[in-house]
Amino acid sequence: MVGMGLAQAQTAATDTTLVEKGRLLAVAADCAACHTTPKGGAPFAGGYRIESPLGAIVASNITPSKSAGIGDYTLDEFSRSLRQGVRKDGAHLYPAMPYTAYTQLSDDDTAALYAYFMHGVAPVDKPAPQTELPFPFNLRISMAVWNALFLKDERFVPDASKTAEWNRGAYLAGALAHCSTCHTPRNALMAEQGDKAFLSGGSLGAWYAPNITGDATSGIGAWSEAELVQYLRTGRVAGKAQAAGPMAEAIEHSLQHLPDADLKAIAVYLKQVPGVASAEAKPRFAYGEASTTEIDQRGLKDGVDPGWRVFSGSCAHCHQEGGAGTQNGAYPSLFHNTATGADRPDNLVATILHGVDRTVDGKAHFMPAFGDAASFTDRLSDQEIADVSNYVLRQYGNPAVKVSVGDVQTLRAGGKPPLIAQLRPLIVPGIVVLAVLLVLIAALRSRARRRTQWS
Ligand code: HEC
Ligand code: HEC
Ligand code: HEC
């Protein structure tokens, strides 16, 4: 600091604090989840393709590069893209960028994030590829209509009737960690459904983000605060659940790095989210028990369950023959497990297809992906996956849930597309028909007019 005036030194110190504050906020908001390409991409250089039912949306380069990133964004322009979903050039962003959640960010936190992205991130001058959605979704202006319908352009307002801890949790979950973008179901136009369905469960391709409202049966009401903190911090709670897929990513890149006080605040808030009940009879972690089928069926030649054969060959050496997993919990029990006790098979099938890959505290938790295993002998067919799923559900999980080969095919292909994507093939002909009709009507009317003029 030699040669620096006191005031300058003071500003420099505040700036470093502000940049560090912004860095922590960027972790809590998980900006890297989309803006850093997994497995070795330069931080925030973009290029990651987010598969949406309408096509892939490419995350932008948000490094401070002036040519390829957001280096020439002012604070106002940065705030507008974060909280209103509008780029510097005025074009609308697709809501794959979770501005519907970040819109709640405070001015102070937005400024801290800006300081971090301008001064704490290395510029990368390589532009990210452009997003190319098919017509009519390539018309970004359509998002202005979508925003008018669905974007609640409002900052977070603390609820004075609640504790400071609850408010901290609500802000973290809502404005930063954007839990609702995954856990709230979406309507036909892919917007989060209203307050009554808030956090009551949403589909994400092959995965399903379950109901995490306070309901004791359908939600997480029967989890203790400590269990929720442990899940968010490590991704596993013995006798309840493990995190795979998108939840594993949220934990790996973001949640495990939050201070315990913040995780506790999220848990306190979550347990008070108004419960949304569905038809389940008991909590999804409460199904199933160990079985002796593996031992009973061993050596039998006739009449053995095809699902058991797959289980015996591909699952039992890790999850053990009785399905109880290992003592140390490295291989979890398949009963008392939300993936097998849920009222839908998505997470069970998705886990078999895509495996588990979650690194916490530098330690990897790994289950192979049987759907696209590199070696042919490890790969399971859709039929085998349906068979082993039904076996696991019957032996260890919710026996009312059944899996067909068609279900596996649908989940392998990324789940059921939402209505708007299903309608796309009709939208283009629809517009053409409409245009032809309009031209016809116009022609008829002008002929009619001419006739009246002539007569
Ligand atoms: C779930 C994925 C996701 C997360 C998390 C996310 N973004 Fe984005 N972001 C995107 C995508 C996708 C785009 C490009 C959207 C488009 O082209 O319409 C984008 C675009 C942007 C843009 C516009 C840049 C430009 O000129 O194109 C900014 C700025 C931005 N993000 C900042 C952030 C910040 C800061 C965070 C964390 C607070 C963040 N994003 C978190 C997906 C994400
Ligand atoms: C990117 C999408 C995504 C985000 C963001 C996300 N989740 Fe999840 N979450 C999931 C998915 C998918 C699962 C199911 C994972 C599994 O079973 O392997 C899940 C599972 C859970 C579970 C376990 C429920 C059960 O019954 O097994 C809890 C609790 C949870 N999430 C809480 C949260 C909270 C709190 C936040 C925000 C701080 C959050 N999630 C953010 C996708 C997400
Ligand atoms: C090489 C060991 C291994 C094999 C083989 C294996 N698993 Fe797993 N499995 C794991 C690990 C490790 C986890 C995750 C543990 C954690 O998250 O801490 C897991 C998790 C699971 C989960 C919970 C996923 C979730 O999202 O909650 C299910 C269900 C499961 N396995 C089923 C199966 C089935 C069915 C098979 C056979 C087709 C199988 N596993 C084969 C190691 C294995």
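Counting starts at 1 for both ligands and their atoms, following the listed order.
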Which is it for N347 and ligand 3 at heavy atoms under 4.0 Å: side chain, backbone, both or neither?
-> neither
Have a look at C34, G69, P95 and point out the one with the heavy atom closest to atom 1 (C) of ligand 1.
-> C34
Which is it for Y231 and ligand 2 at heavy atoms under 4.0 Å: side chain, backbone, both or neither?
-> side chain
Where is the tightest heavy-atom contact between S291 and Y391, given as atom of each residue plus distance?
-> OG-OH, 4.4 Å
Under a 4.0 Å heavy-atom limit, does A330 contact ligand 3 with its side chain, its backbone, both, or neither?
-> backbone
Nearest heavy atom to atom 3 (C) of ligand 3: which of G323, C318, S333, A339 does it belong to?
-> C318
In this structure, are over 12 heavy atoms from other groups packed under 6.0 Å from K66 atom NZ?
-> no
If we only count N/O pairs under 3.5 Å, is R284 in contact with ligand 2?
-> yes
Could you tell me whether ligand 3 has any atom less than 4.0 Å away from a heavy atom of S314?
-> yes
Please identify which atoms of ligand 1 are closer than 4.0 Å to at least one heavy atom of L82.
-> 32 (C), 33 (C), 34 (C), 35 (C)
Test of proximity, R236 against ligand 3: N or O pairs below 3.5 Å | yes
Tell me: protein heavy atom nearest atom 15 (C) of ligand 1, and distance?
-> L93 CD2, 3.9 Å
Atoms of ligand 1 less than 4.0 Å from D30 heavy atoms?
-> 5 (C)
Answer yes or no for M367: is there an N/O/S atom below the 2.8 Å cut-off from atom 8 (Fe) of ligand 3?
-> yes
Atom 29 (C) of ligand 1 has as its nearest protein heavy atom S81 OG, 3.4 Å
In this structure, atom 36 (C) of ligand 1 is nearest to the protein heavy atom C31 SG, 2.9 Å
Decide if the gap between the ring center of Y73 and the ring center of F78 is smaller than 6.0 angstrom.
-> no
Please verify whether a non-hydrogen atom of Y99 lies at under 4.0 Å from ligand 1.
-> no
Using a cut-off of strictly less than 2.8 Å, determine whether H319 has an N/O/S atom near atom 8 (Fe) of ligand 3.
-> yes
Is a side-chain donor-acceptor pair under 3.5 Å present for D108 with S106?
-> no
Which is it for F370 and ligand 3 at heavy atoms under 4.0 Å: side chain, backbone, both or neither?
-> side chain
K264 atom NZ, neighbour heavy-atom count above 12 within 6.0 Å | no
Would you check the N or O atoms of A244, main chain and side chain alike, for any that come under 3.5 Å of an N or O of ligand 2?
-> yes
Restricting to heavy atoms, the pick from E77, R140, R80, E249 nearest atom 18 (O) of ligand 1 would be R140
Which residue owns the protein heavy atom closest to atom 7 (N) of ligand 1, what's the atom, and how far is it?
-> H35 NE2, 2.8 Å
Where ligand 1 meets R87 - atom numbers and elements under 4.0 angstrom, heavy-atom basis | 25 (C), 26 (O), 27 (O)
heavy-atom search around atom 25 (C) of ligand 1 in the protein gives Y73 OH, 3.3 Å
For atom 30 (C) of ligand 1, the option (of M97, K88, H92) bearing the nearest heavy atom = M97
For H178 and ligand 1, does the shortest N/O to N/O distance drop below 3.5 Å?
-> no
Using 30° and 60° as the class limits, which term best fits the ring planes of Y116 and F44: parallel, tilted or perpendicular?
-> perpendicular
Contact atoms of ligand 2, heavy-atom distance to P210 under 4.0 Å | 13 (C), 14 (C), 19 (C), 20 (C), 24 (C), 25 (C)
Within-shell test, F117 vs ligand 1, heavy atom, strictly < 4.0 Å = yes
Ligand 1 atoms in contact with A29 (distance to a heavy atom under 4.0 Å) | 38 (C)
The atoms of ligand 1 lying under 4.0 Å from a heavy atom of T131, numbered in the order shown, are 17 (O)
Nearest neighbour in protein (non-hydrogen) for atom 16 (C) of ligand 2 | Q242 O, 3.5 Å
Look at the aromatic rings of F311 and Y396 and report parallel, tilted or perpendicular, splitting at 30° and 60°.
-> tilted
Option nearest atom 17 (O) of ligand 3 (shortest heavy-atom distance, choices R358, K363, H365) | R358
Could you list which atoms of ligand 1 come closer than 4.0 Å to a heavy atom of I57?
-> 12 (C)
A96 heavy atoms within 4.0 Å reach ligand 1 at atoms 1 (C), 2 (C), 3 (C), 42 (C)
Could you tell me whether any N, O or S atom belonging to C179 is less than 2.8 Å from atom 8 (Fe) of ligand 2?
-> no
Test item: side-chain donor near acceptor, N138 and E132, under 3.5 Å | no
Give the single entry among S60, S79, A175 that approaches atom 20 (C) of ligand 1 most closely by any heavy atom.
-> S60
Would you check the N or O atoms of Y331, main chain and side chain alike, for any that come under 3.5 Å of an N or O of ligand 3?
-> no
Atom 41 (C) of ligand 1 - nearest protein heavy atom and its distance | Y102 OH, 3.2 Å
Look at ligand 1 and say whether V58 reaches it with a heavy atom at a distance under 4.0 Å.
-> yes
Gap between atom CD1 of I266 and atom CG of L172 - 0.5 Å precision = 5.0 Å
Flag for N211-S200: side-chain donor and acceptor within less than 3.5 Å | no
Quick look: A248 vs ligand 2, heavy-atom contacts under 4.0 Å, and the answer is neither
Are F335 and Y287 an aromatic pair by the rule of ring centers under 6.0 Å?
-> no
Is ligand 2 under 4.0 Å from a heavy atom in the side chain of L172, in the backbone, in both, or in neither?
-> neither
N61, I62, I50: member with heavy atom nearest to atom 12 (C) of ligand 1 = I50
Rounded to 10°, how many degrees is the angle NE2/H183-atom 8 (Fe) of ligand 2-SD/M247?
-> 170°
Please say whether W223 places an N or O atom under 3.5 Å from an N or O atom belonging to ligand 2.
-> no
Within-shell test, P98 vs ligand 1, heavy atom, strictly < 4.0 Å | yes
